[in-house]
Amino acid sequence: MITVLDGRKNQVREKGRDDRPVECGRMSLAGSVSQRACVFCGSRVVLYPVADALHLVHGPLGCAAYTWDIRGSLSSGPELHRMSFSTDLREEDVIYGGEKKLRLALQELIEAYSPKAAFVYSTCIVGLIGDDVNAVCRRVSCEKGIPVIPVHSEGFRGTKKDGYSAACTALSTLIGTSEEKIAGEFSINILGDFNIAGETWIIRKYYEEMGVRVISCMTGDGRVDDIRRAHNASLNVVQCSGSMTGLAKIMQREYGIPFIRVSYFGLEDMSQALYDVAKLSCSGEMIKKAGNIVKREVSEIYPELQNIKRDLEGKRAAVYVGGSFKAFSLVKALRHIGMSVAVVGSQTGSEEDYEYLREICDEGTVIVDDTNPLELSKFMDDKGVDLLIGGVKERPIAYKMGVAFCDHNHERKIPLAGFEGMLHFAKEVHSSVMSPVWKFSPAYRLRKGIYE
Amino acid sequence: MLLRHTTDNIIDRKALTVNPAKTCQPVGAMYAALGIRGCLPHSHGSQGCCAYHRSALTRHYKDPIMATSSSFTEGASVFGGQANLLESIQNIFAMYDPEIIAVHTTCLSEVIGDDMKQIINKAKTEGKIPAGKTVIHTNTPSFKGSHVTGFSNMTTGMVQYFSENTGDRENRVNIIPGFVEPSDMAEIKRIAAEMGVQIVMFPDTSGVVNSPMDGKFHMYPKGGATSAEIKSSGDSSFTIALGSLASTQAARALDSKCKVPFEVLNLPIGLRATDAFVDLLRKKGGVQVPEAIMTERGQLLDVMTDMHQYFYMKKAALMGDPDQLLSIVEFLTDLDMKISCVVTGTPAGTKFEKSIKEMAGGDTVVKSGATADTYYFHQLIKKDKPDIIFGNTYCKYIARDEDIPLVRICFPIYDRVGHQYFPLTGYKGGLRLMEKILNELLDRQDRDAAEESFELVM
């Protein structure tokens, strides 16, 4: 068993050796090099893709600076979301309060950009200096006639998950505010896809081809008006379950809209998503169409996947991602290209998630919640992995170790969702794992037994 | 067209920053702390701060950036962060075993009012700091200054915790390099070595954030100034502080604590600023400038001479950090270029604005501090279109929208490599900067040239 700090022992398991549940949902140990972020980060990433809304970060400048255009969430129209607006609170504001500055900033911005709605994110100190953000939002909303929605995302109020939930609450205040009635046909909302590199467009295309009407893609290429009429949908289809299940539950309670959890990564999960939606439509026609899409798309990419698989057969991966649902998909997707997963973890998984991970993983797989670089690098070394899948902070760690890397976080540049995304994913993995550069790494040579 | 929202008309804004041209203090403190050997920077605040700063520095350097967080909770925000910091210190030494923990505060812990000195003392008395290990701190509230002042504060913290006057004055010069790249720090050391001057330089991030690939993950790469070196700075005979905003404070602290006199110079970027640095180093080190350095100077001057016609009256717009801007503006004017505007989000004071105007002329628009942001910079560019832009990666949006070439300077640079390894400082650095400018200008000239005036020899 790999040595980890006492306080974290229960957050790490090795399948077959120690099958007790993975402890999770805890705050990171104070003083750890956690890869996790904060409440604000959670809210900001979820709401960011609402492209025709104003996103104003109320606080000192840093929080706005670090989240300026970092997420490759594309918009087919307005791009107001890519601007970085901050009240840039200074010392005097901290002493005398930032309400006036917030009000002025909102007024200036709404006049300049005429957004459809405004989200106001509270950062850490706003909670402490006691600004009545709700009151300012109400007032400006009355004056300007658009929804101005406070997002209570003070960083210290919990984990990134709590930020997701604050974002869901914010979105729920918009939902149902449109009078528009959409009746008759089977319709869905796409929740929790962020349109990174245009992924939502790919998914939407499949659904529309099946004859499903997509009312809103809230968090990918999102539009305020679509969100306002989202309550008309027959079904909510939730990806990235960690972030948006909360909203789906609210909508189930308030509007009686059922929801399903899906994933668009990998062949099985993508197909399953289409079949699940089709089944719930109770339309034989749709089920048939879903089958046709799956058949067509899979046969299109299958030959090339097989070629890639030949090269990658037997190689091992470590997976460390934000949400556990993505981890499930990646385990399955990697299997399709001949790779096994030796280490798998997430920042926000639940006990059931880890249970499921254990089911689908091979014996000896390390399963970990909220890891840190030292641990992760040790797991990777011990298991001799050829690839790490993770986010921005993990990339250089893998590279320094002479291990290939695939970015499956918001900095990815190519769509990895959908059937075509599976092929992109395979190519991306192939391009890194098979790179000649690793041959020059001493670690690689040691691993391959050709060094001295 | 990210910036299509930028309007041509400049409207006075009071309460709003759009597309910032700076970031907050803690990230600068984190970067400075990485310039101490075996040091783990620690962010005393919410987890997000630490994650954002690590991401920003990781993107900029493409190297693993290690730092820890106090992981504030609701409770900490009510009852203070003492318990979190004490627990952190204990955990960090147990888990990661650094030589030094360098704590910086955040807006949250500042507003709560945590007394860092007292907490660190408490950790000491409670035996949470193992023998031979050190915890240092600095205050970096995000609602003051910028990443540059954060760097300055942490550097000053190093003096306050480590520097010691033992009474034995050594013939040695301290160099505080300012908020520059690891490549620049290495270059400054190289110049001093070439001149035969014994120096102590801190912080020194070379070898830490541009470490070699050796097949292993190192929590503490080999670079960095050692605590013993920083301690010995108190016995040095003189301090050269490079960059007034990033380095003066630490030099002054060293003077008042250990009676080491100092002089502040502009960052040695460009011919004149490097001359000033080399000259002061010569005087204080009691050496002569060796031929090797004179050759480098001569080569820089040679290329300036060879290519001076291509710089003539070319108009530049600059955005970045004050210390860099001062030196680069001086260099550009020496190259006979015109400066249309200079913008920095860092509050740099009227002296900065005056200095720039003295060098660049009264027509140059200079703005620093609140509302001096990328949006404003873009508006200035729209009003008075330059031939070339100097700025960080975010300026690529402006460069693309307005079809103007961009030379990347300052922080952050997320989309190119080179700054980690090739300096802008020193005569060699001047040559590199000039090459970058020339490449942009000449590529543009080639691209736009009519068939008959497309030149082979330039």
Side-chain angles (χ1 to χ4, degrees), chain A residues 5 7 27-41 59-62 64-66 68-69 79-80 82-91 93-94 101 104-105 108-109 113 124-125 127-129 155-157 373-374 377 392-393 396-397 399-402 441-444 446, chain B residues 2 5 13-20 22-24 26-27 42 45-49 51-52 54-56 58-59 62-74 76-77 84 87-92 94-96 106-108 111-112 142-144 213-219 370 394:
Chain A
L5 193 79
M27 287 296 288
S28 299
L29 218 52
S32 59
V33 185
S34 172
Q35 305 297 81
R36 279 175 172 172
C38 62
V39 181
F40 165 72
C41 177
L61 193 76
Y66 301 115
W68 176 19
D69 205 35
E79 293 205 311
L80 195 52
R82 296 182 62 191
M83 302 281 282
S84 172
F85 300 118
S86 166
T87 49
D88 188 12
L89 291 184
R90 314 299 300 168
E91 197 164 22
D93 305 313
V94 172
K101 208 169 182 186
L104 282 173
E108 279 182 27
L109 280 169
Y113 297 105
C124 283
I125 61 167
L128 288 184
I129 62 178
F156 57 84
R157 284 201 197 279
L374 209 55
S377 67
V392 51
K393 295 190 288 296
I397 296 170
Y399 285 171
K400 281 282 189 284
M401 296 174 69
S441 156
Y444 175 90
L446 278 176
Chain B
L2 167 71
H5 294 288
R13 282 176 283 137
K14 289 190 180 62
L16 181 63
T17 295
V18 184
N19 301 341
K22 64 164 182 189
T23 181
C24 63
V27 75
H42 179 82
S46 295
Q47 228 163 233
C49 306
Y52 281 138
R54 287 181 57 217
S55 292
T58 301
R59 290 182 179 113
K62 306 199 188 303
D63 249 32
I65 302 296
M66 291 303 120
T68 50
S69 165
S70 287
S71 302
F72 269 41
T73 55
E74 192 99 49
S77 75
N84 288 56
E87 198 193 328
S88 296
I89 290 173
Q90 190 165 12
N91 284 339
I92 291 167
M95 257 189 292
Y96 306 118
T106 58
C107 45
L108 180 59
V111 174
I112 293 170
S142 323
F143 43 81
K144 270 188 181 170
M213 196 267 210
D214 63 357
K216 288 193 208 81
F217 163 64
H218 298 276
M219 189 89 186
Y394 286 103

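The sequence lines fix the lettering, A, B, ..., with proteins before strands; numbering per chain opens at 1.
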Flag for B:Ser55-A:Tyr66: side-chain donor and acceptor within less than 3.5 Å
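No, no side-chain donor-acceptor contact under 3.5 Å.
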
Nearest heavy atoms of [X] and [Y], plus distance in Å:
X        : Y        : value
B:Met213 : A:Gly402 : CE-CA, 3.5 Å
B:Asn84  : A:Ala30  : O-CB, 3.7 Å
B:Val111 : A:Ile129 : CG1-CG2, 4.2 Å

Are A:Lys400 and B:Asp63 close enough, and set up right, to give a side-chain contact (heavy atoms from CB on, under 4.5 Å), and what steps lead you there?
CA-CA 8 Å; A:Lys400 281 282 189 284; B:Asp63 249 32; 2.5 Å; yes

Contact class of [X] relative to chain A, heavy atoms under 4.5 angstrom:
X        : answer
B:Ser70  : backbone
B:Met219 : side chain
B:Ile112 : both
B:Ser71  : both
B:Thr68  : both
B:Ala67  : backbone
B:Lys216 : backbone

From [X] atom [atom1] to [Y] atom [atom2], the distance as rounded to the nearest 0.5 Å:
X        : Y        : atom1 : atom2 : value
B:His218 : A:Ser377 : NE2   : OG    : 10.5 Å
B:Ser77  : A:Arg157 : OG    : CZ    : 7.0 Å
A:Cys38  : B:Tyr52  : SG    : OH    : 5.0 Å
A:Glu91  : B:Ser142 : CD    : OG    : 12.0 Å
B:Met66  : A:Ile397 : CE    : CD1   : 4.0 Å
B:Thr106 : A:Phe156 : OG1   : CZ    : 10.5 Å

Given that the side chain runs from C-beta out, which part of A:Val94 has a heavy atom under 4.5 Å from chain B: side chain, backbone, both or neither?
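The side chain, not the backbone.
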
Atom group of A:Tyr113 that falls short of 4.5 Å from chain B, counting heavy atoms
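The answer is the side chain of A:Tyr113.
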
Taking every heavy-atom pair that is under 4.5 Å apart, which of B:Ser88, B:Ala94, B:Cys107 has the most such pairs with chain A?
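Looking at each of B:Ser88, B:Ala94, B:Cys107 in turn, B:Ser88 comes out on top.
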
Select, from B:Thr58, B:Thr73, B:Ile65, B:Ile89, the one with the greatest count of heavy-atom pairs under 4.5 Å involving chain A.
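Of the options given, most contacts go to B:Thr73.
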
Given side-chain contact (heavy atoms from CB on, under 4.5 Å), test A:Leu374 with B:Tyr96 step by step and report yes or no.
CA-CA 8 Å; A:Leu374 209 55; B:Tyr96 306 118; 3.4 Å; yes

B:Leu16 and A:Leu104: side-chain contact (heavy atoms from CB on, under 4.5 Å), yes or no, with the steps?
CA-CA 8 Å; B:Leu16 181 63; A:Leu104 282 173; over 6 Å; no

Heavy-atom check, side chain of A:Cys124 versus side chain of B:Ser46, under 4.5 Å
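Yes, close enough: below the 4.5 Å cut-off.
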
A:Asp88 and B:Lys22: CA distance, side-chain angles, deciding distance, side-chain contact (heavy atoms from CB on, under 4.5 Å) verdict:
CA-CA 11 Å; A:Asp88 188 12; B:Lys22 64 164 182 189; 3.9 Å; yes

Looking at chain B, which one of A:Leu89, A:Val39, A:Leu128 has the largest number of heavy-atom pairs inside 4.5 Å, strictly under?
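The candidate making the most pairs under 4.5 Å is A:Leu128.
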
Of all of A:Pro396, A:Ala64, A:Pro373, which one pairs up most often with chain B through heavy atoms under 4.5 Å apart?
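Highest number of heavy-atom pairs under 4.5 Å: A:Pro396.
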
